[in-house]
Amino acid sequence: MSAPRSLMRRLGASPSAVAGGIIVALHLVAMFIAVFGITPYPPAEQHPESRLQGPSGAFLLGTDQFGRDVLSRVLDGVRLSLQVSIVAVAIAAVIGSTVGLAAGFFGRRFDSVTMRVADVFFAFPAILLALAIVTALGPGWRNTAIAIAVVYTPIFARVARGPVLSLRTREYVEAAEGLGFHPARILVVHILPNVAAAIIVQVSLALSWAILTESSLSFLGLGAQPPQASLGLMISDSRVLATTAWWNFAAPAVVVAALVIGFNMFGDGLRDALDPTRENR
Amino acid sequence: MAKRAHWLTRVVALMAALTLFVSACGDDADDQAADDTSAPVEQPDDSSDAAADDPGDSAAESDDAAEDADDSGDDSDDMEADEAPPAPTGVIVVGRAADIDVLDPHRATAFQSVQALELVYDTLLSLGADLSVGPGLAESWEFSGDGRTLTMHLRDGVQFHSGDSFDSGDAAASLNRILDEETGAVTRANIASIASVDTPDASTVVLNLSQADAPILASLADLNAAMMSADAIAAGTVDTAPDGTGPFIWGEWQQGESVTLTANVDHWRGAPQVGGIEIRVLPDEASLLAAVDVGEVNVAVITDPLVAVQAGGDVEVLRTPALAYHALMMNSNRGPLADQSVRHAISCAIDRQEVIDSAALGEGAVTGPITIPAYQSPPDGLPCGGQQDAAEARRLLEAAGQGAGFELNVIVPMFYASAVDEAQVVQAQLGEVGIELDLEVLETDVYVERWLAADFDAAVALNSGKIDPHQMYVRYWTSDGNLNAIASYSSDTLDELMAAGRVETDPAARVSIYAAFSAALQEASPWVWIYNGFEYRMLNGVENFTPMPTGSLQFLREASLVE
Amino acid sequence: MTAGPVLRLEGLTTSISVGGEVRHLVQDVTLDIEPGEKVGFVGESGSGKSITMLSIMGLLPPNVAVTSGSAVVAGVELAGLAERDYQRIRGSRLAMVYQDPMSALNPVMRIGAQIAEGLRAHGAEGPQADETVRRVLGDVGIPDPQRIAKSYPHQLSGGMRQRVMIAMALAMEPELIIFDEPTTALDVTIQAQILTLVRELHAAKNTAIVWVTHDLALVSNLVDRIVVMYGGRIVEQGPVVDVLTSPRHRYTAALLSAFPERHSQVRDRLAQIPGGPPSLDDVQTGCPFRTRCVHAIESCDAMPAVEAGEPSHSYSCWVPIKVAS
Amino acid sequence: MTAAVSVRELSRTFRRGRRSAAVQALRGVSLSIEPGETLGVVGESGCGKSTLARLIARLDEPTTGTIEILGDDVTHMHGQELRQLRRSVQMVFQDPYASLNPRRRVGTAVEEVLKVHKLADSPAGRAERVDELLGLVGLDPGLASRYPTELSGGQRQRVGIARALAIEPSIVIFDESVSSLDVSVQAEIINLMVALREQLDLTYVFISHDLGVVRHIADRIAVMYVGTIQELGTWTQVSDDPVHPYTRALLDAVPHMRLDDQAGPQETPVLGEIPNPADPPTGCAFHPRCPHATALCSEERPALRAVADRLVACHLAAEFVEQ
């Protein structure tokens, strides 16, 4: 099965996946620039003499009211956003999928209890739930990640559980049971790969929501704390300056929008590419 | 810097928290939401009595007040119909970003409540635009030789809005109400030297003081010592139906939206120039500015310098140096901060002008401890002359054995716009001399709680000023001051100077006493005083309005609409 | 009724296009079915028997199409027929009974309404249509036609549903009914009932019948003539007893011997056909069975001509089984 | 000698929802299978034959009754114990398309069994054993690297058998394992089953709706109808000399190849529908369709009794034998 290659080919055929992929890749580059500390200036370094300057050769995207380089801060903001989102989505994906797999596979009471709990979570708008959790835990990027993870865990549980329900009654799963395989093995080896596509798509989509949630929380002052360069916080801080120093506002706003749209488009493309009904055989 | 959407945070958090039935969260959110109506608040130190500050109480009371507001409105209509042929017309619309909370002037702490009630109530004495104490309902006054008896002669023919006339009985009832601990009056401590009140006749009030107390005059000129009618006090309607002698008559309060006042044409100072005032609540200061710009609002109260600097067009901007000061409070009981040289070093390491330029876009002036114009501390009296001197700071740290640097936990409030920015600049500047700041940006209630418990190495703070230095600092810098634990520093020198200032009735002598006090405080450097900002009043279509350093809107009584 | 055969296939070829390449699913099928005749189409999966029927019905999937040859139903050439006209032919001249009645019936429509809908589409009036519905439901042995007409498909058993399908096919009194494996999903006792029903209906109405199946034994009890398909071609056809007792094509013979004997007292190894059925990727020239045929010779690389044996028994094989005359 | 399989009074009731009636898939089935024997189980849909297969394979748990495998009571085994039981009993499913994981190469699928049950010490040993097993079922070991979709139905069913045999069970249950195959392929697989049975000394349970196929492979045949056994005897008894009216109806319904012009219409088929297992008839389940039914048949459920050297559940069995 040349799955990876044909997947790439199908992804390449989807304009939205390509565009989304490019956007995501650019942001990953931005993230690594920040991770390796090769931003033009340290993100928190203040240049009092260059306060609120427009874009120039020295400061490509201008400076904020502390004379900090907006470009460096945006790059570091991308790093923080992705860091929070990736950590959160990773936690949500691992825990959620595991719970979902187990719920779908073992069924009965475990299934109904976990799904009712998930229903309760679903009853709240994601952003409200995240807000409530962060308010309870206190601000900071770790707590933001935890809040986002908690919010998206039930979604992964749902996504993983659905296919498991139908896979569980498939003969080859029953056959595996009949061959004396341990349930854990059946779950991991025989069911997980069939659910993986759905989970991967969900990861991409969840990342886009997570970035949005992270930005919203930091916009409200509940996410990363100053002087950390968080995109939402930058947008929030620069709103009043929008008319006088627009670059402060525009740069992080454009980046957040691009990130969210990018992951969304990539996720959609991935979903189409991984959709088994589009396979030729 | 930012105007964060605190109100949104709170409302949304409240909704989420309530629906989740998380009881602990629910309590927090309740407080926050109620507190919302009182933002921006004065620093908690303004109230000597913590109960008066409890946001929960105020919110509960304001509900009642709203229901009763109509009655007084009707009364005032009747009054107006009686006489005054050249009745002034037109309404000045005042806009601000927060609604009032309590209606009892003795318990009002929030700026917006104080400033609204100041238009309705008079005080025995009054403040001029330069903060000098002048006559109010008392036409004249004198201290006895030993300074322990203060005799005041009341103005004749003054009437409350309800029609009752004002006399010494009302004055005595008002003062006794403040002195009664039950009331929870804000200014009780400031006039606590009053041992008893005598009323030899209807127009004379004699205050028998337990000790000489010069600053009591300033206290009596404060709204928190407002004169209310003895009948209203007895009837218990003070909380719900404001009835003063002031230039405007309380009308209607639509919670979260507006307060309407109508002119008191019979006021002893003469009728106001307009028919009334509407104080309107707008969601934030940016919209406020926009509203002034289009002429929808005539007078806007702006606190955020970042919003203020954007004013343009027909808007007239009045800048008054504020009494409130921005400071980095330090906890002298903790670690390296116990060492005076370390505190000096920190003070020297900070470039105050840069803080003003970055956090307030230049909207402010470097200041020492006392911001009252008549007593102003000279900025060059600060360590290193109020200039940044990193080399000196490092030298001082070396000398104190802290050359390797250390870390400080700094609490930063969310409730005023520039706090986080100030913290970031200070963080960067102290970082250069090896002092790492760990910033904790906190919601108002959490911040206040930590602050009251002195649970911080340092705190970024905006402290409101007072019209008298004694009032301003007695609670912090005297060893028995009720906030001394938070100030975490006291000395015999400070105690003595504070006591001397209190009994000295000669104004010139007082100035020199407080200059010495200020110098001593700067020498000890328990806090880093950074700057005081401006009070902004944005005007459009209004003239003859005089702003005050206290932020008071009392001169609306003289203001008129531009034809 | 038109004179001549009800169905005439001439060189019918149906192809699928996969990624630009054209593969024949059915190749060069030529056949006449006379009025009232019963013909069994027999073959294994992939033999092309179902595709042949769908070609006739004009119900081929999107990337499959008749690429050459002609199919004439009751004198009407179907090749190139407009969809409107095709709809008129389907039902009135030509009907089909499918393998899975559940998916062929609309689950949210009452049985009676579904049958009447077809009638009305072909011009029957209300009361007349209702009457016909009751009559045909009675004809297919449904005990209480009034009640069943008001039922939904899921309320009926598999056997009943198949009876309903047959009633729908009968309603328009077509000249030819194609049964595409109609009993595969049914239990044997029910299958026997349906078989008996079709036999009785034929006796009464003399409609021509094509019965597609993989079960030689089943169809042998119904039809007059058997058509054996393999690899998209007709390899042998003839009167049922002739073909079953003295098959000439090597495939027919192999198929027959693979059937488990139903009455023998000894159980020998079943005869096997080596290899697997041809796939689309195989070369599509020559005899399709030659790769599995133990008797294959070089000539088999070319398609053998149709040999006519005894009257109406024909086959296409280079090395046919000799018949001891 | 211990029976390979012995089930007693086995019942299984499925409850789909709170409101819908319980489906009585199996209603008190008792039988035993000797080592080396092949038991054929035949019947139409809803007769419970697949439920019986799944219970013997312990893929399901009975509502009541007991199951013994090689003398051990396995009725309520769970977890590790149950997985150990799989070493003895294996099942081959109906649909070779569905019973193999489409994402795993067939070699991997077979090797996995060896790995899980630690049936070979080394990867090399396993690979060797996989080749051996594929050879055993008549597959080219080269196919090990193929995916199930790349194989024909017959090849896939061979892989299914190889995988079941990898575990070296003594009992193999075939649940309609040849039903979906074409006739010629069916013949291959049946031949393979027969050969393997001899070669490996296996006990078979062979489930099918096709009496013709069952007859070809089974030593004894159990005819089931609506959750109960109607007749149980040797293959010749049941298929050539049936006693129970249902067995006879079933045999009559199986189409016989018509080999002469006379064949014409067969006997009148049995009338009526197969009962709904959620609402089985009282008394003998077959009585509503039985031409011989008496009042007793609708009232009392006939026990499975020895009649003419086999077991028959029919009140009138003795009379039929006399005729």
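Throughout, protein chains are lettered first and strands after them, A, B, ... in sequence-line order, and every chain is numbered starting at 1.
- Note: C/Tyr251 and C/Phe289 have perpendicular aromatic rings, judged against thresholds of 30 and 60 degrees for the angle between ring planes.
- Of all the listed residues (D/Val194, D/Ile274, D/Val185, D/Leu181), the one sharing the greatest number of non-hydrogen pairs under 4.5 Å with chain C is D/Ile274.
- With chain D as partner, the option from C/Leu218, C/Leu222, C/Val219, C/Leu186 having the largest number of non-hydrogen pairs under 4.5 angstrom is C/Leu218.
- Shown here is C/Lys205, whose NZ atom has more than 12 heavy atoms of other residues, nucleotides or ligands within 6.0 Å.
- The side chain to side chain contact (heavy atoms under 4.5 Å, CB included) test with D/Val213 singles out one residue from D/Ile189, D/Val42, D/Val178, and that residue is D/Val178.
- Note: D/Glu273 leads D/His209, D/Gln155, D/Glu273 in heavy-atom pairs under 4.5 Å with chain C.
- Put simply, of C/Thr184, C/Thr189, C/Leu244, the one with the most heavy-atom pairs under 4.5 Å next to chain D is C/Thr189.
- In this structure, chain D has no heavy atom under 4.5 Å from any part of C/Val243.
- Of the listed residues (C/Met160, C/Gln272, C/Gln191, C/His214), the one with the most heavy-atom contacts under 4.5 Å to chain D is C/Gln272.
- Among the candidates C/Ala254, C/Pro143, C/Gly159, C/Ser157, the residue making the largest number of heavy-atom pairs closer than 4.5 Å to chain D is C/Ser157.
- Note that D/Arg248 lies in the cation-pi zone of D/Phe320, set by a 6.0 Å cut-off to the ring centre and a 45° limit from the axis.
- For chain C, the nearby parts of D/Val270 are the backbone and the side chain; heavy atoms of each come within less than 4.5 Å.
- In summary, the side chains of C/Arg225 and C/Ser312 do not present any donor paired with an acceptor at a separation below 3.5 Å, with no hydrogens or angles considered.
- Residues C/Tyr230 and C/His249 keep their aromatic ring centres 6.0 Å or farther apart.
- Look at D/Glu37 and D/Arg220 and you find a salt bridge, because one of the NZ, NE, NH1 or NH2 atoms lies within 4.0 Å of a carboxylate O, short of that distance.
- When heavy atoms are compared at a cutoff of 4.5 Å, D/Ile217 approaches chain C solely by way of its backbone atoms N, CA, C and O.
- For D/Ser45, the parts lying near chain C are the backbone and the side chain together; criterion is any non-hydrogen pair under 4.5 Å.
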